[in-house]
Amino acid sequence: MHIYNDLTRQKEELVPQQKNHITIYVCGPTVYDLFHLGNARPFVVYDTLRRYLLYKNVEVTYVQNFTDIDDKMINRAQALNISVKQLADEMIKEYYHDADNLNVMRADYHPRATETIPEILEMISTLKEKGYTYILNDGVYFDTSKFADYGKLSKRDLEDQEAGASERVELLEDKRNLSDFVLWKFKKEGEPAWESPWGEGRPGWHIECSAMSKKYLGDTIDIHAGGMDLIFPHHENEIAQSEAANGKPFVNYWMHNGFINVDNEKMAKSGGNFFLVRELAGEYGYDVLRFFILQAHYRMPLNFEEEPLMAATHGWQRILRSVENIEFLIANANPEFDQTQSGELSDYIADTVQEFERAMDDDLNTPDAFAAIFNLVRHVNIVSTDYALSADSLQKARDCIVELCSVLGLDAEKEAEAEIPADILEQVKLRDQAKAERDFATADRIRDELNALGYKIEDTPQGPKVSREVEH
Ligand SMILES: [Zn+2]
């Protein structure tokens with residue numbers, strides 16, 4: 001597999017440190033509120049990377065943290081008149097609700113910053129001993145001029161940063177360099193705080209990821225991933241802390257996903273132009289949101305618009321219908337059905353798997369992976385209309401579609417089964433009986449009732465076939 005490495009700015013073959021075992025660290029959410037679709041993109045994208053590696057029988061150790069202490073947490077908790085811990089507990093529960101429904105596998109470790117304080121303090125102590133820190137009125141700082149490689153990920157040098165100070169860099173008179181950042185913030189009145197050798201306080205944002213990845217994955221990790229906005233300063237600062245403290249390379253492959261945009265602006269809480277996953281799921285369903293995210297390449301910007309969301313709805317429905325249709329054909333196939341065409345279908349399935357893997361091996365090209373699945377869906381639809389295919393080959397086609405979808409985290413099987421409720425199927429049976437008894441008035445009445453409920457009945461040579469109308 002090749003992935004685009006932001007450190008070297010090129011596609012590289014993914015070679016893990018340990019044979020057949022990949023370690024992945026993904027920057028997780030700050031748990032002060034429900035997450036929006038822009039936040040969801042990295043969760044879904046890197047979950048898909050993990051699923052694909054598992055599909056290829058690679059062992060994966062996956063860590064995604066929860067930032068459960070920072071200014072946003074403190075402000076929100078104060079506004080709600082609850083403790084920061086209560087807010088974090090509540091929002092982590094809500095995170096799991098949405099992430100589980102998006103079919104994002106739980107990480108092997110979901111560490112919380114507030115539960116990693118000893119490791120954070122240890123790393124700051126090491127940095128202090130090695131001469132990378134200095135103390136100001138409000139906290140312990142990292143001196144970026146002491147770390148020769150500072151800027152190697154974001155490709156800026158210190159002078160660039162002096163010239164173009166970003167808003168995320170606090171302008172403090174006393175800082176030695178503009179890019180210097182806080183490792184430990186001293187306690188302010190009314191804020192949660194932990195003991196430290198430098199006085200009570202709380203960790204800075206960047207140090208938590210360096211400490212957590214070291215705790216669970218060691219000094220050097222294979223893949224570190226997150227949104228593009230984290231390249232600078234967050235990931236640059238993680239590199240500085242970890243490499244300065246550990247004296248070893250921190251990350252072999254850096255992966256960053258593009259933003260989800262609304263009217264060409266990044267979807268963000270601060271911009272007020274955000275759509276919560278919880279709300280969108282009520283309208284489109286979680287599967288369609290996952291489909292929508294993956295039908296674009298992860299490094300490209302993705303526009304949040306009605307049209308591609310509708311396209312995702314229809315695309316996903318097409319796959320579900322196809323699985324449903326094949327299941328119907330299997331149930332009604334008989335042993336004399338065509339073996340020649342069935343053999344050709346088997347070849348087509350093998351090609352599909354190859355095409356799918358080629359796409360995924362090429363920097364996780366999920367749009368091309370979907371195209372491979374759709375080619376198979378289209379092909380089965382055509383050949384199954386023209387020829388009576390054997391149950392065996394149809395089963396292979398069905399299983400292939402279901403398996404490749406599951407690699408993308410989409411459960412075509414569950415949906416297809418859940419699609420038609422038992423009472424509706426019962427009505428379809430009653431209609432069929434009425435038709436057999438030439439009671440067309442009853443048959444038509446049942447059909448109309450089912451139509452009104454959103455179900456369509458087609459009479460096929462294999463018997464009546466019921467499907468759900470697409471709602472969007
Ligand atoms: Zn991080």
Side-chain angles (χ1 to χ4, degrees), residues 5-7 23-32 35 38-47 49-50 61-73 88 91-92 95 99 104 107-117 119-124 127 142 144 147 150-154 166 168-169 179 181-185 202-246 249-259 266 268-269 298:
N5 186 354
D6 276 304
L7 193 59
T23 51
I24 303 179
Y25 185 96
V26 178
C27 290
T30 302
V31 283
Y32 72 109
F35 65 83
N39 304 135
R41 191 175 193 187
F43 309 151
V44 167
V45 163
Y46 305 116
D47 175 68
L49 171 67
R50 179 189 191 185
T61 307
Y62 197 93
V63 178
Q64 184 183 292
N65 67 304
F66 288 119
T67 297
D68 62 349
I69 180 76
D70 80 341
D71 290 343
K72 280 186 273 193
M73 295 289 304
M91 286 304 148
I92 287 172
Y95 165 85
V104 171
D108 296 301
Y109 303 98
H110 274 291
R112 295 166 66 152
T114 59
E115 290 169 359
T116 319
I117 301 291
E119 290 81 2
I120 289 171
L121 293 177
E122 199 186 315
M123 189 172 264
I124 299 173
L127 290 171
F142 185 98
T144 52
F147 182 68
Y150 194 78
K152 71 174 171 183
L153 177 66
S154 56
S166 86
R168 298 187 82 153
V169 179
S179 52
F181 55 91
V182 72
L183 298 165
W184 188 257
K185 286 187 182 181
R202 59 184 165 99
W205 174 35
H206 314 299
I207 192 74
E208 69 177 83
C209 287
S210 283
M212 288 174 187
S213 57
K214 182 182 169 75
K215 179 174 180 182
Y216 295 98
L217 302 172
D219 290 345
T220 306
I221 54 186
D222 292 314
I223 299 175
H224 190 119
M228 222 164 244
D229 50 342
L230 298 183
I231 294 176
F232 186 85
H234 185 51
H235 287 164
E236 199 67 74
N237 292 349
E238 283 187 35
I239 293 174
Q241 297 163 149
S242 292
E243 298 194 350
N246 303 329
F250 176 40
V251 171
N252 288 337
Y253 303 87
W254 282 97
M255 293 177 79
H256 295 97
N257 59 279
F259 301 136
K266 174 191 165 196
K269 274 268 163 57
Y298 76 92

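Just follow the structure's listing: the first ligand is 1, and inside any ligand the first atom is 1.
A perpendicular orientation is assigned to the rings of His224 and His235, their planes being inclined by more than 60° (bins at 30° and 60°).
Residues meeting the side chain to side chain donor-acceptor pair (under 3.5 Å) test with Arg41, sequence neighbours left out: none. Applying the salt bridge (Lys or Arg N to Asp or Glu O under 4.0 Å) rule to Arg50 yields the partners Asp108; only residues at least two apart in sequence or on another chain are considered. Residues passing the side chain to side chain donor-acceptor pair (under 3.5 Å) test with Lys152, sequence neighbours excluded: Glu243.
A salt bridge links Arg202 with Asp71; the closest basic N to acidic carboxylate O contact falls under 4.0 Å.
Among protein atoms, those of element N, O or S found less than 2.8 Å away from the Zn ion (ligand 1) are Cys27 SG, Cys209 SG, His234 NE2, Glu238 OE2.
Lys269 forms a cation-pi arrangement with Tyr32, by the criterion of a distance under 6.0 Å to the ring centre and an angle within 45° of the ring axis.
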